[in-house]
Structures are given as structure tokens and as C-alpha cells.
2 protein chains.
Amino acid sequence: MLSLWGGASLDRELRRGTLGIAVLIVLLRGSTYGYDLANTLRRESGGIFDVKEGTLYPLLYRMEDEGWLVGGWKIPDRGKPRRYYRITEKGRHQAGEQLASWRELNAVMELMVAGSEGDARGAESS
Amino acid sequence: MLSLWGGASLDRELRRGTLGIAVLIVLLRGSTYGYDLANTLRRESGGIFDVKEGTLYPLLYRMEDEGWLVGGWKIPDRGKPRRYYRITEKGRHQAGEQLASWRELNAVMELMVAGSEGDARGAESS
DNA sequence: ATATATACATCGCTACACTATGCTATCGCT
DNA sequence: AGCGATAGCATAGTGTAGCGATGTATATAT
């Protein structure tokens, strides 16, 4: 693994917090379970969200505690029991809020970039 | 000041990592010191980046360790000594990389949102 | 039989943001 | 002269999240 950000496509730090939004967004489409959620995230993000069990399950528990999701067991005809998560009204609201925050943050970042573009050089006013 | 995220301080997570990019971006304009950097970030972000000393200084130390910044003391005619940070070539490169990653992540997020927009309702296929 | 995929759970490590605190220097006010 | 506010850097302590590792268990493919 990389120490801070050196390589890799996208790093821990960048994904932080964002993963939560992504989970809510996917759950807006309908209820699903952890394993499937992980695969969906991995597939649709082109591998950027390569979420581990040790990350995803605790995240889902926290979201359930917050009341954004409700989980329930389903026993399929064959295979292991799955815990399906459905987004609540509160969670739906959160998804909207967090997405708005994300976009605002994005706008702020781009503004700051624009403010730096002109004088990127000529910095050493020592 | 943008209070979103259910009050419970989840925007912390969202800022994580992003703050690092923001610091690099501001330093692209020229060298500056911690206190001023904090104010610049707060002002230009409209309060989103309300960075605390306990966050900023360790972050600057880490970046210096990584070789993205070089710090040096300057004694002003009046006032306390300031530690000015200048971005290195390596840091400049990092800024570009991280910004590209940030934009890629942003694009992925918007794609997933678009994929959820149609069936945001009608989810409860319990 | 054995490997792989499915599926959930949790311990333990590490990193990091944040609070709180401490220190010193200067400025403005009275 | 006294005092609070602001400037400016530093760090110990706390809480929490990501994630690797590991465990459990079933189904399918080779």
C-alpha cells in the first residue's frame, strides 16, 4: 500500500466520507445487501470504490444507527442469509444534503484552483 | 457556515483529504505561513475549510516530510517568527495529481447519481 | 476433493481530525 | 501602565474511521 498518496488511482484520504454518499446513492435505487453493494460500487466506479468488508459493514451499521437505513435478514432459497438494507426517508434526505455538500465543496475547490492558476509560478517571494 | 450532515459532524470525513489538496493549491500561489494559510482557506472557502491548528500544523509537517513543501523561519521586523512554506516541484506535481484524482472521483460520483435518478422512488421491492 | 465465489462479522492496528492547552509577541484601548 | 485581543506556533490527549486479517459457512465449478 502507499504511505500517503504517492501512487494508486485514488487514495484512502480522498475517498473518505465520499464512500458514505456513494452508498446512499446506490441505495436510492432500491434495497440491496452488503456483498452486492460492494460489487456495484466497484463496478460502477471503475474500481475507485474498491470497498473492503472491514470498511463496508461497519459503515452500514453506523448508517443504520443513524436511522438512514433499515436492515433485515432474508433467507434465499439457496445460499447464505443476506442482510438487505433499505434507505429510509431520513436517509433519502441525507443523500440529498450530502450530495449538495459534496457539490458545494467541489465548487469551492475549483474556485480556489482558478485563483491559483494565474500565479502558479513566481512564487518564491523570499 | 454550511452546517449540513445531520448535525453530527460527518462533514469532517468529507473534508478529509480534500484539505490537503486545498493547502497545496493555495501554496501554488506563493509561499506563506500557517496562520495566514488558515485564514486564506477560511476566507476563500466561505468557511467550509475552517481549519484548526491541531489539524493544519501536523498536516504541514507531514507534507514537509513527504517533500512536497519546504519550510523556513522568517523573523519579521515586528511580530513573532513565522514558518513559511514553499511548494516544491514534487509538491507541484502532487497538486496536479491529486486534483486530477479529485476530478475523477467527482465525475464518478455524478455518474452514479445519474444512474440513481430515474428510480429514486419505487425502491421498496421488499 | 479442492478451489472459488458468495456472504456476513469482528479484532486490532494505524492514521488523522479535533479539542484543549500552553507559550510568546504585538497592538489597541483606556 | 494595565489589559484584552489578535497573531503565531506547538503538542498531548481523545475519538473514530479505514482496512487488513481472520473466521464462519454454503454453493458451484473443476
Side-chain angles (χ1 to χ4, degrees), chain A residues 1-6 8 10-23 31-43 47-66 69 71-85 105, chain B residues 1 5-23 31-43 48-66 69 71-85 105:
Chain A
M1 247 339 94
L2 68 163
S3 52
L4 220 44
W5 317 64
L10 268 184
D11 231 59
R12 284 193 19 210
E13 300 306 318
L14 244 189
R15 281 193 307 267
R16 281 186 114 129
T18 322
L19 177 61
I21 307 182
V23 165
S31 65
T32 186
Y33 55 99
Y35 193 85
D36 181 62
L37 192 53
N39 288 333
T40 300
L41 288 168
R42 186 159 29 243
R43 184 178 358 101
I48 289 181
F49 287 115
D50 186 18
V51 62
K52 313 297 177 189
E53 293 98 323
T55 301
L56 183 59
Y57 291 115
L59 174 61
L60 291 171
Y61 304 153
R62 286 196 300 275
M63 286 184 165
E64 199 175 1
D65 287 344
E66 292 286 335
L69 310 179
W73 289 101
K74 289 189 187 174
I75 318 280
D77 287 348
R78 56 191 65 201
K80 291 198 67 182
R82 298 165 175 171
R83 189 157 178 86
Y84 277 78
Y85 289 94
L105 183 57
Chain B
M1 154 134 5
W5 294 86
S9 80
L10 261 175
D11 56 348
R12 237 179 62 189
E13 299 308 316
L14 188 54
R15 277 196 310 268
R16 277 180 113 137
T18 322
L19 177 61
I21 306 183
V23 165
S31 66
T32 187
Y33 55 98
Y35 193 85
D36 182 61
L37 192 53
N39 288 333
T40 300
L41 287 168
R42 184 159 32 242
R43 184 179 359 101
I48 289 181
F49 287 117
D50 186 18
V51 61
K52 314 298 178 187
E53 292 98 322
T55 300
L56 183 59
Y57 290 115
L59 174 61
L60 290 172
Y61 305 153
R62 287 196 300 275
M63 287 185 166
E64 200 176 359
D65 287 343
E66 291 287 334
L69 311 179
W73 288 99
K74 288 190 189 176
I75 319 280
D77 287 348
R78 57 190 67 201
K80 293 198 63 184
R82 297 167 175 169
R83 188 158 179 85
Y84 277 78
Y85 288 95
L105 181 57

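Here is the naming used below: chain letters follow the sequence lines, and residue numbers restart at 1 for every chain.
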Under 4.0 angstrom between B:Tyr33 side-chain N/O and D:dG8 OP1 or OP2
yes

Would you say the side chain of A:Leu19 lies within less than 4.5 Å of the side chain of A:Leu59, judging by non-hydrogen atoms?
yes

Can you pull out every side chain to side chain donor-acceptor pair (under 3.5 Å) where at least one residue sits in residues 49-59 of chain A? Sequence neighbours excluded, please.
A:Arg42-A:Asp50, A:Asp50-A:Lys52

Give a yes/no on whether any side-chain N or O of A:Tyr57 is located under 4.0 angstrom from OP1 or OP2 of C:dA9.
no

Using whole Å, report how far CG of B:Leu56 lies from P of C:dT19.
14 Å

Does some side-chain heavy atom of A:Tyr85 sit less than 4.5 Å from a side-chain heavy atom of A:Glu64?
yes

Dump the intermediate steps for side chain to side chain contact (heavy atoms under 4.5 Å, CB included) on B:Thr40 and B:Thr32, then the final yes or no.
CA-CA 10 Å; B:Thr40 300; B:Thr32 187; 5.8 Å; no

Side chains of B:Val23 and B:Phe49: closer than 4.5 Å at any heavy-atom pair?
no

Could you give the CH2-to-P distance, from B:Trp73 to D:dC9, as a whole number of Å?
6 Å

Given D:dT6, D:dA17, C:dC16, the nucleotide with the shortest approach to the side chain of A:Arg62:
D:dA17

Just how far, in rounded Å, is C1' of C:dC16 from CD1 of B:Ile21?
16 Å

Rounding to an integer number of Å, can you tell me how far B:Leu37 CG sits from D:dG8 P?
12 Å

Dump every N/O contact between nucleotides 21-30 of chain D and the protein below 3.5 Å, one line per pair.
residue : atom : partner : partner atom : Å
D:dT28  : OP1  : A:Arg78 : NH1          : 3.1

Distance in Å, B:Thr18 OG1 paired with A:Leu105 CG, rounded so as to fall on 0.5 Å steps
5.0 Å

Tell me whether the OP1 or OP2 atom of C:dC8 has a side-chain N or O from A:Arg83 closer than 4.0 Å.
no

Ignoring backbone atoms, establish whether A:Thr55 has a side-chain N or O less than 4.0 Å from OP1 or OP2 of D:dG18.
no

Both A:Gly34 and B:Leu19 contact DNA chain C. Taking the nearest nucleotide for each, which residue is further toward the 5' end?
A:Gly34

To the nearest angstrom, the CZ-P distance between B:Arg42 and D:dA7 comes to 10 Å

Nearest-angstrom distance from the residue atom NZ of A:Lys74 to P of C:dT6:
19 Å

How is B:Tyr61 classified with respect to the nucleic acid when contacts are heavy atoms under 4.0 Å: base, sugar-phosphate, or nothing?
sugar-phosphate

From CG of B:Asn39 over to C1' of D:dA7, roughly how many Å is that when rounded to an integer?
9 Å

Rounded to whole Å, CG of B:Asp65 lies from P of C:dC16 at a distance of 11 Å

Sub-4.5 Å side-chain heavy-atom contact between B:Tyr33 and B:Leu60
no

